[in-house]
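Each chain gets a letter, A, B and so on, in the order its sequence line appears, and its residues count up from 1. Just so it is clear, the structure is predicted and the values come from calculations on it, not from any experiment. Both backbone and side-chain heavy atoms feed into the values below; hydrogens, waters and symmetry mates do not.
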Amino acid sequence: MAPKAYTPKEIEPKWQEKWEADGLYHSDIDESKPKHYALTMLPYPSGDLHIGHWYAMTPSDARARYMRMKGYNVLFPMGFDAFGLPAENAAIKSGIHPMVRTRDNIVRMRKQLRSMGAMFDWRREMVSCEPEYYKWTEWFFIQLYKKGLAYRKLSPVDFCPKCNTTLAREQVWGDDRHCERCSTPVIKKDLSQWFFQATKYADELLSFEGIDWPERVKTLQTNWIDRSEGAEVYFKVDWENGKLDASKVPEPDSRVTVFTTRPDTLFGATFMVFSPEHPLVDKITTAAQKEAVEAYKAQAARQSDIQRGAVDKEKTGVFTGGYAINPVNGAKIPIWIADYVLMSYGTGAIMAVPAHDERDFAFARKFELPIIPVFQAEGSPTPDGATMEAAFISDGVMINSGHFNGTKVNTEKGRKNPAIAAMIDWLEKQGTGKETVNYRYRDWLISRQRYWGSPIPMIYCETHGWNPVPDDQLPVTLPEDVEWKPTGESPLKLHPTWSKTTCPVCGGPATRETDTMDTFMCSSWYHLRYLSPWYDQGPFDPAEYDYWMPVDTYTGGIEHATMHLLYTRFFHKALRDMGITQGNEPMTQLRNQGMVLGEDNEKMSKSRGNVVAPDLLVARYGADTVRAYLMFFARWEMGAPWDSQGIEGSARWVRRTWTLFTDEVKNGSPTPEILRALRRKVHQTLKRVTRNFEQFEFNTIVSSLMELLNEMYKARENGAAGSKEWSEAIDIYLRMMAPVAPHIAEELWAEYGKPYSIHTQSWPKVDEEAAQEDEITLAVQVNGKVRERITVAADASEDFIQAEALKVVERYLEGKTPKKVIVVKKSIVSVVI
RNA sequence: GCCGAAGUGGCGGAACAGGCAGACGCGCACGACUCAAAAUCGUGUUCCGUGAGGAGUGAGGGUUCGAUUCCCUCCUUCGGCACCA
């Protein structure tokens, strides 16, 4: 009998339909089983499923399937992150409504997702642009607002003067920072926008206690938040020329606050630098300096922080004509503006200590400002500020610092540095400063001047200010009858009636917020909507929450390390403090996959023409082969360039499995050794594959199965087919293969008359005894070089092994007695002469 | 500049906890089958050397009987941040 042909085109849709019809992958609360919530990052419905989606999702699916076979009640949902810029830009170009386009794309992508044969529970699908979903996105906004975590403030944004709109960061192109649409250079503009106070949680976000996340992600988040310890110091500032009084502690309304990590160097502050955007600049600038200051401000406004930050840039700046009083010594120091001070970090103003800061040093030398060293290396001659060649930054003792002289200075930050501790104590006693922690992390800017996003459910009334839309009026839905104008103005703003409403307080005429929310807001809680997308009494059913949360395993790309993952953690913690969620973290375990590059080793992109289309691969090889190859061809967390030849190997493996399992069984008369060797290989493989699944080592899962298959071919040659050991091998092999290649495993399982479905079977148990070796080959080293090998019984004594080893390497011993012989059981004998 | 990850055959990669480097696969070579080719099957495939043997996991050093694995210095590539006060 010739083997049946392997026809994935028939087998795969057949099982996909049956699984669907049987609800095989429905996950429901079952208190009798431990739960496992496996989550993979949801796609943006761009139109077609990319090979990158497959690379992210199929190993995650395989592991979810493995967990299910291990006895867990597994939830593995899928949905769409459906709001966002591309759909809106396409609408402006083509006139097709984003909702129409997005829904079309989702229909197509759903079909493509189904072709993967993943165990998604489609009853739990969520789509973030549907009103049933964004109703709750709005609701969450209101909860955060009510908790005092949402606020409005003026914030500089990139603005295109020609299109008359703000631009997202990805819409600003090139080194000259021009508008994506009309190529006009962008400028910065202050707009009043909504923020979430994420910085309130900065310290807590720095703690990763109790979560198993990659070190890499933890480092990225830690660096992103960038906590630094120091002090704020208050300087009295002269903005009505000549009214400075050094003897008085400045009143809050007549002072400027600086943040410094080196308050111990305060005596060396010889000038002050403000960011050009600092609000006090206009007040302190004297008439004589006004022209120069205005010119400098205009020039700085055209640049981004990043351009301004270009490392080796020559220092520039302008004197304002204003002065400040150094609170420690009453010195009158000039105030400059310079673009190396950023409004977005600290307080936008610094005290400049040129003797001990490289940037301040360069600035002082260029503009001939005084340099006063305030500490020096112990026992060395005191440096002269006029002739110093570089800022001094190491351990030492304080000098030129009044009663602080002699205090030790080291390079530690914060109170670990005795000089800093002493200065902070003194500042706090004087009321001219206090210990402070500063973060690079900023509050989360929520507002987008765009149509295709969740509306911000706020209403503005002339008399009652901002108020949230009442709950019973949620969701605020997007109007459909809008015009797409290439002016860049949000259609919500242009709509004749949409923004007109009544004030929830007084019932008088009021206007809606026409900005929409950042789409990261949608993705900060989608894992909660999956729990019960049908639920309408709240964002999720608490019963489902109690059973499934937290997410046990979250998988996705590293590119979300600082944005999405940080927002989600913040969101969860904020909700926790409102009693909406429980526990400190939303996701217990995180794993990141790498990227599939094009065959040219470059990032895949349409313009490069190196995109690999999964649909074509499925048509040619079947989903099982594509899945197997994606798991096999690279270390998952690393990724690798695509290899269109390489997939042939996985295709061969799948076909060879098919051939072996459907081919005529030749009954033979195998020796007991052959059968024992077969069992040994089966259980050794099972042991490895189990470990590999636990540790996300997908590539070696497939290679172990390939090895076992090769071994089974040999065993069959030797007559093993038909034995009970052979049957066991088939059974265990298929169970191990099922998470990787679910269709062929199901088909062959049925072929053997085993009970449907293989995907509800349990994961096999390792027979440790069967996995043991009878004989062991040891390498024998002489002075670190492998010279011979010996094969001994597994239970051979150490003395016996040593004697055997010395016998075979006699000719390498040069007649000497070995100084030392080390026997490492099961592996090596090391002889030292 | 700072922080992080990674460097192993022609290629992707393997090596559980410091113990035989190169599993598995691609590619390539040779052979079988075929009129021929594809597919399939078999054999070989780190480098140098006919050989015995020698070298070898980015480079150099160290610890150790023994290092891809641990430590130090350096180089390269990739990612993040970047005048962060």
When rounded to the nearest Å, what value does the distance between [atom1] atoms of [N] and [M] take?
N: B:G61; M: B:U69; atom1: P; result: 14 Å
N: B:G7; M: B:C71; atom1: P; result: 14 Å
N: B:C70; M: B:G4; atom1: P; result: 16 Å
N: B:G9; M: B:C47; atom1: C1'; result: 9 Å
N: B:G10; M: B:A6; atom1: P; result: 23 Å
N: B:C24; M: B:U43; atom1: P; result: 12 Å
N: B:G58; M: B:G53; atom1: P; result: 27 Å
N: B:C2; M: B:C74; atom1: P; result: 10 Å

Would you please classify the geometry between the [Y] ring and the [X] ring as parallel, tilted or perpendicular, with 30° and 60° separating the classes?
X: A:Trp336; Y: A:Phe319; result: tilted
X: A:Tyr6; Y: A:Trp658; result: tilted
X: A:Phe693; Y: A:Tyr66; result: parallel
X: A:Phe367; Y: A:Phe363; result: tilted
X: A:Phe392; Y: A:His356; result: perpendicular

Specify the separation, in whole Å, of atom CE of A:Met712 and atom C1' of B:C24. 17 Å
B:U40 phosphate, OP1 or OP2: any side-chain N/O from A:Arg655 under 4.0 angstrom? yes
Please classify the nucleic acid contact of [X] as base, sugar-phosphate, or nothing, using heavy-atom distances under 4.0 Å.
X: A:Tyr6; answer: nothing
X: A:Gly639; answer: sugar-phosphate
X: A:Arg227; answer: nothing
X: A:Thr562; answer: nothing

So if I take residues 259-266 of chain A and measure heavy-atom distances to RNA chain B, which residues fall below 4.0 Å? A:Phe259, A:Thr260, A:Thr261
Between A:Thr555 and A:Gln593, does any side-chain donor sit less than 3.5 Å from a side-chain acceptor? no
With A:Phe632, which residues qualify under ring-ring contact (aromatic ring centres under 6.0 Å, His included), at least two apart? none
Whichever of A:Thr347 and A:Asn699 has its nearest RNA chain B nucleotide further upstream toward 5': A:Asn699
Which residue lies toward the 5' end of RNA chain B, A:Lys785 or A:Ile350, if each is placed at its nearest nucleotide? A:Lys785
If the threshold is 4.0 Å, N to carboxylate O, is there a salt bridge linking A:Glu435 and A:Arg415? yes
Closer than 4.0 angstrom, basic N to acidic O: yes or no for A:Lys366 and A:Glu314? yes
Under 6.0 Å from the ring centre and within 45 degrees of the ring axis: does the NZ or CZ of [X] meet both conditions for the six-membered ring of [Y]?
X: A:Arg359; Y: A:Tyr340; value: no
X: A:Arg63; Y: A:Trp636; value: no
X: A:Arg440; Y: A:Trp224; value: yes

For nucleotides 25-29 of chain B, list the nitrogen or oxygen atoms of the protein found under 3.5 Å from its nitrogen or oxygen atoms, one pair per line.
from	atom 1	to	atom 2	distance (Å)
B:G25	OP1	A:Asn710	ND2	3.1
B:C26	OP1	A:Arg652	NH1	2.3
B:G27	OP1	A:Gln645	OE1	3.2

Taking only nitrogen or oxygen atoms into account, show me every contact under 3.5 Å that the protein makes with nucleotides 2-8 of chain B, one pair per line with its distance.
from	atom 1	to	atom 2	distance (Å)
B:C3	O2'	A:Asn223	ND2	3.0

If you check every side-chain atom of A:Asp226, which of B:C84, B:G12, B:A85 has the closest atom? B:C84
Determine whether A:Lys681 and A:Glu707 satisfy the following criterion, salt bridge (charged side-chain N to carboxylate O under 4.0 Å, His left out), listing intermediate values before the conclusion. CA-CA 9 Å; A:Lys681 188 69 184 176; A:Glu707 260 184 77; 3.0 Å; yes
Any stems for RNA chain B, made of 3 or more Watson-Crick or G-U pairs in a row, each with both distances under 3.5 Å? B:1-7 with B:75-81, B:10-12 with B:24-26, B:27-32 with B:40-45, B:46-48 with B:53-55, B:58-62 with B:70-74
Can you check salt bridge (charged side-chain N to carboxylate O under 4.0 Å, His left out) on A:Glu215 and A:Lys218, steps first, answer last? CA-CA 5 Å; A:Glu215 284 304 321; A:Lys218 293 195 268 186; 3.3 Å; yes
Using a 4.0 Å heavy-atom cut-off to protein, can you give one letter per nucleotide of nucleotides 61-72 of chain B, 5' to 3': B if the base is in contact, S if only the sugar-phosphate is, - if neither? ----B-------
A:Asn438 CG to A:Phe259 CZ distance, which is reported to the nearest 0.5 Å: 4.5 Å
